[in-house]
Protein chains: 2
Amino acid sequence: MSTQQGFERRYQAPEREPIIEVDERLFLKSAARSFYVLEAFARSPRPLSLAEVAKAAKISKSAAQRVVQTLLVLGYLERSPTGTGVVPGRRILDRSFDYLRSNPLIERATPILTELRKTCGERVDLSLFDDVTILYAIRLQSKRETFYATLSGRRMPTFATAGGRAMLACLDDRHADEIVRRSKLAPLTPKTLVDPALIRQRVEEARRDGYAYVLEESLMGEIVVAAAVVKERNMPVGAIHIAGSLAEWSAEDFRKRFAPLAIEAARALSG
Amino acid sequence: MSTQQGFERRYQAPEREPIIEVDERLFLKSAARSFYVLEAFARSPRPLSLAEVAKAAKISKSAAQRVVQTLLVLGYLERSPTGTGVVPGRRILDRSFDYLRSNPLIERATPILTELRKTCGERVDLSLFDDVTILYAIRLQSKRETFYATLSGRRMPTFATAGGRAMLACLDDRHADEIVRRSKLAPLTPKTLVDPALIRQRVEEARRDGYAYVLEESLMGEIVVAAAVVKERNMPVGAIHIAGSLAEWSAEDFRKRFAPLAIEAARALSG
DNA sequence: GCATGGGTATCGTAGATCGATACAACCGTT
DNA sequence: AACGGTTGTATCGATCTACGATACCCATGC
């Protein structure tokens, strides 16, 4: 049957991995510093004082002062409305807009996901493959969800998500195992699988079925099915997730009903 | 009636506008350059070659080379999958995630907007006030929409949007007029109002009614009602939009039905 | 074969950025 | 009301980063 095909060809890693490393002399330390400052808010999403910024970015207070002033002028930081400290600025959203708009996959996916969400009545996500993590790019909720389940830009570990496993299933074993090996195998819920052998088993299952599913591995009470979006040579670039609640569905019913829809949507996006 | 109250107190501008300007000696030119490079994609959302980057950011090819290499390493740029040039990188989404997560308004708004969308069955947006533009932060579509109507991070002129006018209505006349004056009054559709007097009239209407609406002023066939979210002293920070199609609704019916819902949601968010 | 436009690498110099330090304004506490 | 603790702001000479011209390699296209 068709759901058992299409995932036989696996992605063959190129001879030499395109290491994104560069001559140190071409790396602009002072430019990087600004981004380290912005990245400080990934660890503590709240207003940061100059001293906290300096500490988080591992720079002197003077350097922090200059960077902060510069980013305030540019709009990538804003003074906290609470009076003290700075927070990420609205200008950041302009850049994410550019990102989404520049990515043809996102544009092609949008109508397909909208349609899919209407058909399913469940939450539908598009995630992007990024090594040991996946990155949610489009999220279409329908019910009331946890706040984080609504945010695009969120990252989750590849090994513990349905989309991640669907994408691992596209890679050859060597590559997939290597990603699991480099992952920090910390459980997200009591049900998260952290044994590489068990994970591999699920990946092989996904390879056989053409889709992956996880049961309460990233959020208790949640079931997710997902199918990978691939480009040439079966290389995974993203995945389409359909997520539902175990309060409303049995695992079996949910899979039977939604897996084919995820697979179909993912296939429509693959090329 | 209640929809005609609550907007009487207007925001009083503080004595001195908080000009975000800084001693030139504290502004890091080399840091800013990196952002200019990223901002190049706002004008041309497609892969850019080194030479194009250099030209767009007004820097030498050598400088562009260094900045691009640095941003590639950091993940804010990626090599274009088409082989040549670079495009915005996934790491940008991490920063927008930080932004959304750091902003208490977004978090509080999320469940309210989800509920509102379920009630309405129409597109629901949260926009943020940003001087002559508004910035969409949360967008909950329900029907099939144009691609751009789904993207958060999109900016629109304040003067021509329902949310923008609802926010102008919170300001005192001097301030509101000044924003209109500084706006580039270019029509988005044949129906966009560009006469400051007419715009002011609509703003006053919004002030009286507690909500604003626009008919096909930013997209033909679209009607939008919006109510402002304010913080202390009635200062506008954002707006809640409900957008529908004139193919399905008469303007009157749409306003009657959805304006009270927008007002109620906005009030729940104001503080 | 050569021109064109991509990306990459090198190097000496100019000047932008460094960071210690001092200052100012605001807390809450004693 | 003086205090210690924050916060953010401002200054300045020395150092070391980043500048940009240039040369280079490798594709394409004709």
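Quick caveat: nothing in here was measured; it's all calculated off a predicted structure. In the text below, chain A, chain B and the rest are named by the order of the sequence lines, each starting its count at 1.
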All pairs passing ring pair (Phe, Tyr, Trp, His ring centres under 6.0 Å) where residues 149-174 of chain A contributes a residue, at least two apart: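 Sorted pair list comes back empty.
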Listed by chain and number, what are the side chain to side chain donor-acceptor pair (under 3.5 Å) partners of [X], not counting sequence neighbours?
X        : answer
A:Arg182 : A:Asp131, A:Glu178
B:Arg108 : none
A:Glu107 : none
B:Ser60  : none

Qualifying salt bridge (Lys or Arg N to Asp or Glu O under 4.0 Å) pairs with a residue from residues 83-93 of chain B, counting only residues at least two apart or across chains: A:Asp130-B:Arg90, B:Glu78-B:Arg90, B:Arg91-B:Asp94
Any pair counted as salt bridge (Lys or Arg N to Asp or Glu O under 4.0 Å), so long as it reaches residues 57-75 of chain A, sequence neighbours left out: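 Qualifying pairs, neighbours excluded: none.
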Residues in ring pair (Phe, Tyr, Trp, His ring centres under 6.0 Å) contact with B:Phe35, at least two apart in sequence or another chain: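 Residues passing ring pair (Phe, Tyr, Trp, His ring centres under 6.0 Å) with B:Phe35: A:Phe35, A:Tyr76.
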Watson-Crick or G-U pairs under 3.5 Å in DNA chain C, rendered as dot-bracket with [ ] for crossing pairs and | for another strand: |||||||||||||||||||||||.||.|||
Gap between atoms CZ and C1', on A:Phe27 and C:dA9 respectively (whole Å):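 So the CZ-C1' distance, A:Phe27 to C:dA9, works out to 18 Å.
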d(NZ, A:Lys55; C1', D:dG8) in whole Å: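 Answer to the nearest Å: 19 Å.
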Selection: residues 74-92 of chain A, any non-hydrogen atom under 4.0 Å of DNA chain D: A:Arg79, A:Thr84, A:Gly85
Strand-adjacent residues in residues 56-68 of chain B, judged by heavy atoms under 4.0 Å from DNA chain D: B:Ser60, B:Ser62, B:Arg66
Stretch residues 34-52 of chain B: residues that reach within less than 4.0 Å of DNA chain C through a heavy atom: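 Residues of residues 34-52 of chain B that come under 4.0 Å of DNA chain C are, in numerical order, B:Ser49, B:Leu50.
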